[in-house]
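The structure displayed is predicted, hence computed values, not measured ones. Here is how names work: the chains are called A, B, and so on, in the same order as the sequence lines, proteins then strands, and each is numbered from 1.
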There are 4 protein chains.
Amino acid sequence: MNTATSSAAPGQHVPRGRIDKRQAILDAAFTVFARHGFALACVQEIATEAGVAKPTVYNHLHDKETLFRHAMEAAANRAMAENLAVVDQLTDHGADVRAALDEVGYQLLQRHCDDRSWALRRLLNAEVNRFPDLIDIAHATGANRITQALADRVARLTLAGHLAATEPVEAAEQFLALLTGPMESRARLGTRPVPDRELRAVARAAVRTFLRAYGEGRA
Amino acid sequence: MNTATSSAAPGQHVPRGRIDKRQAILDAAFTVFARHGFALACVQEIATEAGVAKPTVYNHLHDKETLFRHAMEAAANRAMAENLAVVDQLTDHGADVRAALDEVGYQLLQRHCDDRSWALRRLLNAEVNRFPDLIDIAHATGANRITQALADRVARLTLAGHLAATEPVEAAEQFLALLTGPMESRARLGTRPVPDRELRAVARAAVRTFLRAYGEGRA
Amino acid sequence: MNTATSSAAPGQHVPRGRIDKRQAILDAAFTVFARHGFALACVQEIATEAGVAKPTVYNHLHDKETLFRHAMEAAANRAMAENLAVVDQLTDHGADVRAALDEVGYQLLQRHCDDRSWALRRLLNAEVNRFPDLIDIAHATGANRITQALADRVARLTLAGHLAATEPVEAAEQFLALLTGPMESRARLGTRPVPDRELRAVARAAVRTFLRAYGEGRA
Amino acid sequence: MNTATSSAAPGQHVPRGRIDKRQAILDAAFTVFARHGFALACVQEIATEAGVAKPTVYNHLHDKETLFRHAMEAAANRAMAENLAVVDQLTDHGADVRAALDEVGYQLLQRHCDDRSWALRRLLNAEVNRFPDLIDIAHATGANRITQALADRVARLTLAGHLAATEPVEAAEQFLALLTGPMESRARLGTRPVPDRELRAVARAAVRTFLRAYGEGRA
DNA sequence: GATGAATGAGAGTTCATTCAT
DNA sequence: TATGAATGAACTCTCATTCAT
């Protein structure tokens, strides 16, 4: 039905339409799963959202569970990539640590409060019993990697004399906790859109506490 | 599994069913909902778990939705009561603030990592789209009340000269964030039982950071 | 619940309340059956409409089928009595046969188009497969008796020289047919209230045709 | 029971089901609805009677209600077509009006007393509250169309000097009433099969009365 | 490879009916 | 006697999944 979606390079025989279709299905799947949860999402709705027929979904992803897994992995990977990109900005080339942390904290919060991020965490929570292995994928490759990446930066800042964090991982963990912890109830589990100003404020408060605890004056 | 279904005095005629059937149903409902989520939990299983027939469930709680709502409210209320009881221990009659915070933090973490607490949060996350009003019930009367109660204590400790928290609510929010934030990935969303020792450690780390930021030396 | 319904004579110990209750139940039953049909009428609704509890219905009338049978018989008997009373007016003491037939025809049509009459016929039609014996009760003691009573009057009028009906039963049958036949689609099976003027017109037309066929001028 | 389900040419590959499944379902539906009424007819029985699986019924006709509506409409259309075909025979090329009316009356009565006709009227009566619009379909396009068609013929016969009906519609209405009115109790609402001889007799009596009232001698 | 049609299994809900007070 | 509570049975409808084209 949607055969003209792809823009395959002319003269070359790459079945790009195939891949595009698969991607469309995965996107649609995540959207629909986010809307209704695993159990109540029906494959027909996913197919319609993706613009294909139901059996096509089964041709590409063998069954509903596989579909869910792949959609979740894709979403988790994208989210992690975005977060890592933010953390990577935290280099020491700017002397003003507070400003740098403020900015990184704010951007992390933005990612955290994105609709798809909330949906991802919601689904992870919801289906943890049915898909226990998804936690590994999402946390091992997700949350923990963010923590580690952030710990790396903290360690560097400590070595550079900008911080006094003796245990970088713990510091990173707490920094993230100070950022995201307050959002749970403020955003009502992702139901309420949090204005940018509030994100900035939460980030600033987190940084303030973090720096009081781990600022250079401390040991 | 449901040992508290009926506590009738032995030797006394037990009516075919009346008094605590409703409670048994609600308990069973929460258990089964926690097991499978709302959509996949079937009323028959709840009825069986409660030791009644299916229509009895419908006689007491009109709907599957109503059943869910009431089960969730009951669970949320119990959890909140437990947490408030813990916070209430945080009076200033002990001079050692750190020890008091350690203990309260540890007990809050215990409640937080209780199976039923994880289940409650999981269900809340999972069904937020279908039951948006449950967030109000759970957060407004739950998380926020804990924060407020804790803020009260923080204010008192500040007045007593034991803390330097100028904004008690923010301080309370961050204390809770420092406690519970790290648990998300450590407990793998409630999948992995966290040993007491680890709870103690996380609590201690949280208190350490908290006191560095809000200890009496600060202003 | 409705204990004060009866007006038992003081000083006498007649359990009138019992009888009243039974009657209330039968009335309610007919109303509800007329509303929803046999299958969809639920005993609970009948009980509520009668102002009693559900088991009380079962105490008085053993089960739903019995309830239906008794309600229908009562309604049929009442309808028949009313119709017979109308036919009985058709004596020859008035010389104007046309006027007498017009009036009787009109009154029969009124009875025929009463809500409860439509409901009765509707239910009879609807449940003929499940309650075949009800036709006997309703037709043998109902429609046929009206026809016979009318045939009696026709015979008398013939003997008195006012009519020329050689076969009174056939004449009666046709008179009733001319009256009620056109109502089926005019009243849309009882759904549309037919104005009195229309009833008069149909009756007059029926009488006109009837007298052309069976008037004294004919043989 | 359902011999006309599939008329595929023998020796040809029959697809697992496609072409006349819908028709088979509608036929089965009418049969089963006629047997049990709307409420007590269960879709499973319809599916079995049609030789398909239950969901197939839902695939073709969305609802039990939709199913009922379509089955009723089909039955009503067929009945009306048959009746119209009979009325169409009533042309004036035969000089013997009485014989022509006798024959047409008899054939109309045959249609009227067909099992499916009784069933159709029964269902119409039974479910008039739940499906009020069906009356329009059945009466407006059914009974009234027959009356109008018959009135057309009556008018022609009048113009040809064979009748003296000044109001063709009223005459047609009464002719039909004289035919079908007596059948209600004679056929016991379709429960008792009426022998052909009786149909002939009722038709003849109706025609006799009709011609006395509207024959050429009259004005 | 993509699709229209078909199906087996299963869930929520209702209801007539019966206990036990 | 009248009733609140409980239940077994049944029914509609949905959905993941598979044929056969």
Student: Not counting sequence neighbours, list each pair that qualifies as a side-chain hydrogen bond (donor to acceptor under 3.5 Å, both in side chains) and has a residue in residues 26-52 of chain C.
Tutor: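 Residue pairs with at least one partner in residues 26-52 of chain C: C/Gln23-C/Asp27, C/Arg35-C/Glu45, C/Arg35-C/Glu49, C/His36-C/Glu45, C/Gln44-C/Thr48.
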Student: Is there any protein nitrogen or oxygen under 3.5 Å from a nitrogen or oxygen in nucleotides 8-10 of chain E, and what are the pairs?
Tutor:
from: E/dG10; atom 1: O6; to: D/Lys54; atom 2: NZ; distance (Å): 3.3

Student: I need the NE2-C1' distance between A/His62 and F/dT18, as an integer number of Å.
Tutor: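 It is 10 Å, rounded to the nearest whole Å.
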Student: In whole Å, what is the span from the CD1 atom of D/Ile46 to the C1' atom of F/dA10?
Tutor: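 Going from CD1 in D/Ile46 over to C1' in F/dA10 covers 15 Å.
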Student: I want to confirm an ordering. Mapping C/Val43 and B/Leu40 to their closest nucleotides on DNA chain E, which one lands closer to the 5' end?
Tutor: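 The answer here is B/Leu40.
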Student: Determine, step by step, whether B/Asn129 and A/Arg122 satisfy the side-chain contact (heavy atoms from CB on, under 4.5 Å) criterion, reporting the C-alpha distance in whole Å, the side-chain angles of both residues, the deciding distance to 0.1 Å, and the verdict.
Tutor: CA-CA 10 Å; B/Asn129 284 330; A/Arg122 245 198 319 261; 4.2 Å; yes
Student: Rounded to the nearest angstrom, tell me the gap between atom CZ in D/Phe38 and atom C1' in F/dC11.
Tutor: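 Rounded to the whole Å, the gap is 12 Å.
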Student: So, taking the atom named CG in B/Leu134 and the one named CG in B/Leu124, what distance separates them when rounded to the nearest 0.5 Å?
Tutor: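 It is 6.5 Å, given to the nearest 0.5 Å.
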Student: Does the plane of the ring in C/Phe38 sit parallel, tilted or perpendicular to the ring in C/Phe68? Use 30° and 60° as the thresholds.
Tutor: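 Perpendicular, since the angle between the ring planes exceeds 60°.
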Student: Rounded to the nearest 0.5 Å, what separates atom CD1 in D/Ile25 from atom CG in D/Leu61?
Tutor: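 Spacing of CD1 (D/Ile25) from CG (D/Leu61) equals 6.5 Å.
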Student: Could you say whether A/Lys64 or D/Glu65 is positioned toward the 5' end of DNA chain F, judged by the nucleotide with the nearest heavy atom to each?
Tutor: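 Residue closer to the 5' terminus by nearest nucleotide: D/Glu65.
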Student: Calculate the interatomic distance between C/His36 atom NE2 and E/dA16 atom C1'; express it in whole Å.
Tutor: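 Nearest whole value for this atom pair: 16 Å.
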Student: If you find the nucleotide of DNA chain F closest to A/Gln44 and the one closest to D/Tyr58, which residue's nucleotide is nearer the 5' end?
Tutor: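 Of the two residues, D/Tyr58 wins.
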Student: D/Lys21 NZ to F/dA20 P: how many Å, rounded?
Tutor: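 Whole-Å distance recorded here is 12 Å.
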Student: What stems show up for DNA chain E when you take Watson-Crick pairs (N1-N3 plus N6-O4 or O6-N4) and G-U wobbles (N1-O2, O6-N3), both under 3.5 Å, and require three or more consecutive pairs?
Tutor: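 When the pairs of DNA chain E are grouped into runs of at least three, the stems are E:2-21 with F:2-21.
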Student: For a quick check, tell me whether the side chain of D/Asn59 and the base of E/dA6 share a donor-acceptor pair closer than 3.5 Å.
Tutor: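 Donor-acceptor pair under 3.5 Å: yes.
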Student: For A/Ala76, give me all partners under side-chain contact (heavy atoms from CB on, under 4.5 Å), at least two apart in sequence or on another chain.
Tutor: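 Result, side-chain contact (heavy atoms from CB on, under 4.5 Å) vs A/Ala76: A/Leu120.
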Student: Roughly how many Å is it from CG in B/Leu67 to P in E/dT13, rounded to a whole number?
Tutor: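 Rounded to the whole Å, the gap is 10 Å.
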Student: Tell me: CG of D/Leu61 to P of F/dC13, nearest whole Å?
Tutor: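 Interatomic distance, CG of D/Leu61 to P of F/dC13: 12 Å.
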Student: What side-chain hydrogen bond (donor to acceptor under 3.5 Å, both in side chains) pairs are there with at least one residue in residues 61-72 of chain D, not counting sequence neighbours?
Tutor: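 Sorted pair list: D/Arg69-D/Asp133.
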Student: Would one find a side-chain N or O of C/Thr56 under 4.0 angstrom from OP1 or OP2 of F/dT3?
Tutor: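 Answer is yes, contact under 4.0 Å.
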Student: Return the CZ to CG distance between C/Phe33 and C/Leu26, rounded to the nearest 0.5 Å.
Tutor: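 Between atom CZ of C/Phe33 and atom CG of C/Leu26 there are 10.0 Å.
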Student: Does A/His60 make a side-chain N or O approach to OP1 or OP2 of E/dA2 shorter than 4.0 Å?
Tutor: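 For E/dA2, OP1 or OP2 has a side-chain N or O of A/His60 closer than 4.0 Å.
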Student: Would you please name every residue forming a side-chain contact (heavy atoms from CB on, under 4.5 Å) with B/Asn59, sequence neighbours left out?
Tutor: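 Applying side-chain contact (heavy atoms from CB on, under 4.5 Å) to B/Asn59 gives none.
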Student: Rounded to whole Å, how long is the line connecting atom CD of C/Glu45 with atom C1' of E/dT14?
Tutor: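 Checked: the CD to C1' distance equals 13 Å.
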Student: Hey, what do you get for CG (C/Asn125) to CG (D/Leu123), rounding to the nearest 0.5 Å?
Tutor: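 Rounded to the nearest 0.5 Å, the CG-CG separation comes to 10.0 Å.
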Student: B/Ala41 near the nucleic acid: base, sugar-phosphate alone, or nothing, with a heavy-atom cut-off under 4.0 Å?
Tutor: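 Answer is sugar-phosphate: B/Ala41 comes under 4.0 Å of backbone atoms only.
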